[in-house]
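Beneath this line is the structure, given in structure tokens, with notes to follow.
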Amino acid sequence: MSSETKQDPVAQMEKIVSLCKRRGFIYQSSEIYGGCGGVWDYGPLGAELKRNLRDAWWRAMMRDREDILGLDAAILMNPAIWKASGHVDTFADMMRECTLTNKRVRADHVEPQGGTVMQFTGAKSPGGWHLNRTVTVLMKKGEHIESFRKRVRALLAQNAGDAAGKPDEIELLGEQKTEVLEGSIDFHPESGGLLGEARPFNLMLRTFLGPTATEADVTYLRPETAQAIFAQFKNVFDSSRVKVPFGIGQIGKAFRNEVTPKNFTFRSREFEQMELEFFIKPDEAVEIISGSVRAWSEGADLGAPQQDWGWEMWHRYWVDQRTKFYESIGLGDVLEYYWQNKDDLAHYAKACVDILCEFPFGTEELEGIAARGDFDLSQHQKHSGKSLEIFDEELKAAAAKLDDAQKEALVQKRLAAEQAKTKGDPLPEADVRAWFDRLFKGFYVPHVIEPSAGLDRMALAIIAKAFDEFEKADDKGRKETITVLRFHPRVAPVKCGVFPLLKNKPELVAKAREVYELLRPHMNCFYDETASIGRRYARQDEIGTPFGITIDFDTLGEKGPDLQDTVTLRERDSGAQQRVKIGDLLGKLLPLLR
RNA sequence: GCGGGUGUAGCUCAGUGGUAGAGCGCAACCUUGCCAAGGUUGAUGUCGCGCGUUCAAAUCGCGUCACCCGCUCCA
């Protein structure tokens, strides 16, 4: 977005949504049937854009490195996986809703409270707004009746939006005291409104696997792609001759029954993730092999991984790598970082960084990079009963050189760390010693760094960043709004437009088709011979095509042999034109698209 | 799920009970010419969907669906 287009975020998003539909980037799912909540379809250009992003990720993570392997796992899995991962529990809380404010609380998180139960048969305001249902609210102990009424009016006004008008003008109807309660868990802790029945809010999409549809056949569409990587970790390790540290990456669909899908494709119920699980040695193993673990300090060199890196350096390394990736697709200058503090973190997580991006509706998360220790693999080891330890030859050899005092020092260091933990219970000493026994023999469950990115969010970020709109006056001084998508050439859905200057001259058309056929095997091109040349440029600008090629009479040799077989190459953002020999086109364009 | 708002041509919108509209876009043709150019011609709608009120509904009522904004999720 350029500065001149910054304005009302809702209007800005509406323009983007409208352009996406009009030009075939993104459509509402099932539109002819009235749509389908929280689900979106990608049209021809959207499909190309997503493919380019997927390819860029796959290339940066797999092709350009030697230490990461790909996986393409099924969306359906054994439901036991979701018990082990914690999704069945954390995604299925019982929730209760406040009947006054409609705020939701976890049913098991309501503190008992006492007070006087007050009922109103309804409410109305001078503006014509009225509420026709009974509202039950707890007047807390010591709360003055007038300040209580004022509070109820304010809450009603807040919930009704603009329609109810000013809180002071709301008239509460049919006030009645019903009873005095102690230790009730049926009222919202803040508003005091009566809570509705407890209902399960299951964020996972349930389905049935197999021809019968009984409870025994229930499974889920995966809520994230990561768990398949953990579940297949041992297979990949055993079949690929890799050593820790190494990673497994995967791109695929995931599904969540979002309570509030919103912001266009940003929060959808069906979405695509690009996840990497990068497995590293536990810090203790690094210390045994290298003698010490390198500490992170500001400005440390993250260029090339080193043998003495512990989880912290690896975590920083991946934040750096992912930042470089976003820079390479043109999002470098709109990124922000949020380092989760200790209170935000799950008990098993050591650190987590959100990479945020500026959208018209706010700065929101594109990718999370978490250091998750050995939590996931250990959970699957426990639930499946299968060992997910790996054997590390180098570690075994290094450990064999330690004497008993050195080994005991490592154990003591870990025991002290366990005692110092602020979240979760410390691991019992016996378990710590058992873990070190395995470690000294060269066995451990790898730890993991997880960069997890949302593809649909990335596509939306790219579109929102590229969106530019400005006013331009034509010859008659009539103002027109011009829209340009300033995509990085690497991600642009169409790379090049090819145009004969005029379409009623068969020689021009034939030559243009020739150029089109020359480029087409190497890049997504678009041939257009209709309307004026200016309009054709403008159409391509609007879908973000970075280059345009025009075939004119000079190309045919009308002005002599010097210009024969040269074309006009036009660059989208500057509008600059240059004469290029047809034979030089590929050599000139291809490096700009990689 | 709850409240508020919106829904008319591909897009943006006008149309307050009496024959469905505009601008832009789109398509075709003309133009030796490079940034939404000019001219001519043309196509496009169960007025989100359903039920009701009425002689008559895009318009009024009820229901329903989707989207937007708020209730905080974290890809």
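Chain letters run A, B, ... following the sequence lines, proteins first, then strands; residues in each count from 1.
- Annotation: B:G18 and B:A28 have their P atoms spaced 39 Å apart (nearest Å).
- Looking at heavy-atom distances under 4.0 Å, A:E364 makes no contact with the nucleic acid at all.
- The partner of B:C71, taking Watson-Crick or G-U wobble pairs whose two distances both stay under 3.5 Å, is B:G1.
- In a base pair of the Watson-Crick type (N1 to N3 plus N6-O4 or O6-N4) or a G-U wobble (N1-O2 and O6-N3), with each distance short of 3.5 Å, B:A9 is matched with no nucleotide.
- The base of B:C34 sits with one of its N or O atoms less than 3.5 Å from a complementary donor or acceptor on the side chain of A:T568.
- Contact check, A:R539 against B:C26: a side-chain N or O comes under 4.0 Å of OP1 or OP2.
- Using N1 to N3 plus N6-O4 or O6-N4 for Watson-Crick, or N1-O2 and O6-N3 for G-U wobble, each under 3.5 Å, B:U64 pairs with B:G48.
- Residue A:I533 is in sugar-phosphate contact alone, with no base atom involved, counting any heavy-atom pair closer than 4.0 Å across all strands shown.
- For the pair A:R322 and A:Y326, the distance from NZ or CZ to the six-membered ring centre is under 6.0 Å and the angle to the ring normal is within 45 degrees.
- In this structure, A:Y537 forms no aromatic stack with the base of B:C34, since the conditions of centre separation below 5.5 Å and plane angle below 30° are not both met.
- Among the protein residues, A:Q273 comes within range of the sugar-phosphate backbone only, with heavy atoms under 4.0 Å from sugar or phosphate atoms but none that close to a base.
- With a cut-off of 3.5 Å on both Watson-Crick or G-U wobble distances, the partner of B:G38 is given as B:C30.
- One can place CG of A:L19 at 10 Å from C1' of B:C11, the figure rounded to the nearest angstrom.
- Residue A:R267 has no polar side-chain atom (N or O) positioned under 4.0 Å from OP1 or OP2 of B:C74.
- Annotation: B:G21 and B:U44 have their C1' atoms spaced 13 Å apart (nearest Å).
- Between A:N263 and the phosphate of B:C69, there is a side-chain N or O to OP1/OP2 separation shorter than 4.0 Å.
- Residue A:E558 is in base contact, counting any heavy-atom pair closer than 4.0 Å across all strands shown.
- Figure legend: cation-pi geometry between A:R570 and A:Y537, with NZ or CZ positioned under 6.0 Å from the six-membered ring centre and within 45° of its axis.
- If you check every strand for non-hydrogen atoms under 4.0 Å, A:T530 touches sugar and phosphate atoms only.
- The CH2 atom of A:W57 sits 13.5 Å away from the CZ atom of A:R59 when rounded to the nearest 0.5 Å.
- For B:C35, its base never sits under 3.5 Å from the side chain of A:R536 at any donor and acceptor pair.
- Atom CG of A:L460 and atom CD1 of A:I16 lie 7.0 Å apart (nearest 0.5 Å).
- With hydrogens and angles left out, the side chain of A:D541 and the base of B:C35 share no donor-acceptor pair within 3.5 Å.
- Separating the P atom of B:U8 from that of B:G15 is a span of 14 Å, rounded to the nearest Å.
- Closest-nucleotide positions on RNA chain B for A:D354 and A:G575 were compared, and the one nearer the 5' end corresponds to A:G575.
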*Per-nucleotide protein contact string for nucleotides 41-47 of chain B, where B marks a base within reach and S marks sugar-phosphate only (heavy atoms under 4.0 Å, - for neither)*: -------

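- At distances below 3.5 Å, not a single donor-acceptor pair connects side-chain atoms of A:D541 with backbone N or O atoms of A:G544.
- Taking OG1 of A:T225 as the start and CZ of A:R222 as the end, the distance is 5.5 Å to the nearest 0.5 Å.
- No donor-acceptor distance shorter than 3.5 angstrom exists from the side chain of A:S268 to the backbone of A:F271, with no hydrogens or angles considered.
- Among all heavy-atom pairs drawn from A:K505 and A:F553, the shortest one is CG-CZ, 3.8 Å.
- Contact annotation for A:F266: base contact, defined as any heavy-atom pair under 4.0 Å involving a base atom.
- Residue-to-nucleotide proximity on RNA chain B shows that, of A:F553 and A:F264, the 5′-proximal contact is made by A:F553.
- Between the P atom of B:C73 and the CZ atom of A:F361 lies a distance of 17 Å, rounded to the nearest Å.
- OP1 or OP2 of B:U12 lies within a sub-4.0 Å distance of a side-chain N or O belonging to A:S18.
- As rounded to the nearest Å, B:G52 and B:A57 have C1' atoms that lie 11 Å from one another.
- Base pairing of B:G17: no nucleotide in any strand meets the Watson-Crick or G-U wobble criterion (both distances under 3.5 Å).
- Taking the ring centroids of A:F361 and A:F266, they lie under the 6.0 Å cut-off.
- Of the residues in residues 449-458 of chain A, those placing a heavy atom less than 4.0 Å from an atom of RNA chain B are A:S452, A:A453, A:G454, A:R457, in numerical order.
- Taking atom P on both nucleotides, B:C68 is separated from B:U59 by 25 Å, rounded to a whole Å.
- The residue A:Y338 sits apart from the nucleic acid: no heavy atom pair falls under 4.0 Å.
- Across all strands shown, B:U59 remains unpaired; no Watson-Crick or G-U wobble contact has both distances below 3.5 Å.
- Counting non-hydrogen atoms under 4.0 angstrom, A:S29 reaches nothing in the nucleic acid.
- Side-chain atoms of A:R572 do not come within 3.5 Å of backbone N or O of A:G548 as any donor-acceptor pair.
- Residue-level contact check: A:G38 touches the backbone only, with heavy atoms under 4.0 Å from sugar-phosphate atoms and none from bases.
- OP1 or OP2 of B:C11 lies within a sub-4.0 Å distance of a side-chain N or O belonging to A:K21.
- Side chain to side chain, A:Y338 and A:Q340 fail the donor-acceptor criterion of an N or O pair below 3.5 Å.
- The distance between atom CD1 of A:I369 and atom P of B:C74, rounded to the nearest whole Å, is 18 Å.
- Backbone-only contact: A:G368 has heavy atoms under 4.0 Å from sugar-phosphate atoms and none from a base.
- Side chain A:Q28 to base B:C67: no donor-acceptor pair is found below 3.5 Å.
- Shown are A:D55, A:I462, A:L331; of these, the side-chain contact (heavy atoms from CB on, under 4.5 Å) with A:V491 is made only by A:I462.
- The cationic atom of A:K21 (NZ for Lys, CZ for Arg) does not lie both less than 6.0 Å from the six-membered ring centre of A:Y27 and within 45° of the ring axis.
- For the C1' atoms, the distance from B:C47 to B:A36 is 30 Å, rounded to whole Å.
- Smallest separation of non-hydrogen atoms from A:R536 and A:D528: NH1-O, 3.1 Å.
- Nearest to the side-chain atoms of A:Q340 among the listed nucleotides B:C74, B:A36, B:C35 stands B:C74.
- Look at A:R535 and you'll find a side-chain N or O under 4.0 angstrom from OP1 or OP2 of B:A37.
- B:G10 sits 37 Å from B:C55 when the C1' atoms are compared, rounded to a whole Å.
- At whole-Å resolution of the value, CZ in A:R269 and P in B:C73 are 14 Å apart.
- Distances shorter than 4.0 Å separate some side-chain N or O of A:N504 from OP1 or OP2 on B:U31.
- Rounded to whole Å, the C1' atom of B:U46 lies 37 Å from the corresponding atom of B:C71.
- Set against B:A37, B:C11, B:C34, the side chain of A:S532 has B:A37 as its closest nucleotide.
- Base engagement by A:K505 is indicated by at least one non-hydrogen atom pair under 4.0 Å involving a base atom.
- B:C67 atom P lies 18 Å from atom OH of A:Y27, rounded to whole Å.
- For A:K503 and B:C29, the shortest distance from a side-chain N or O to OP1 or OP2 is below 4.0 Å.
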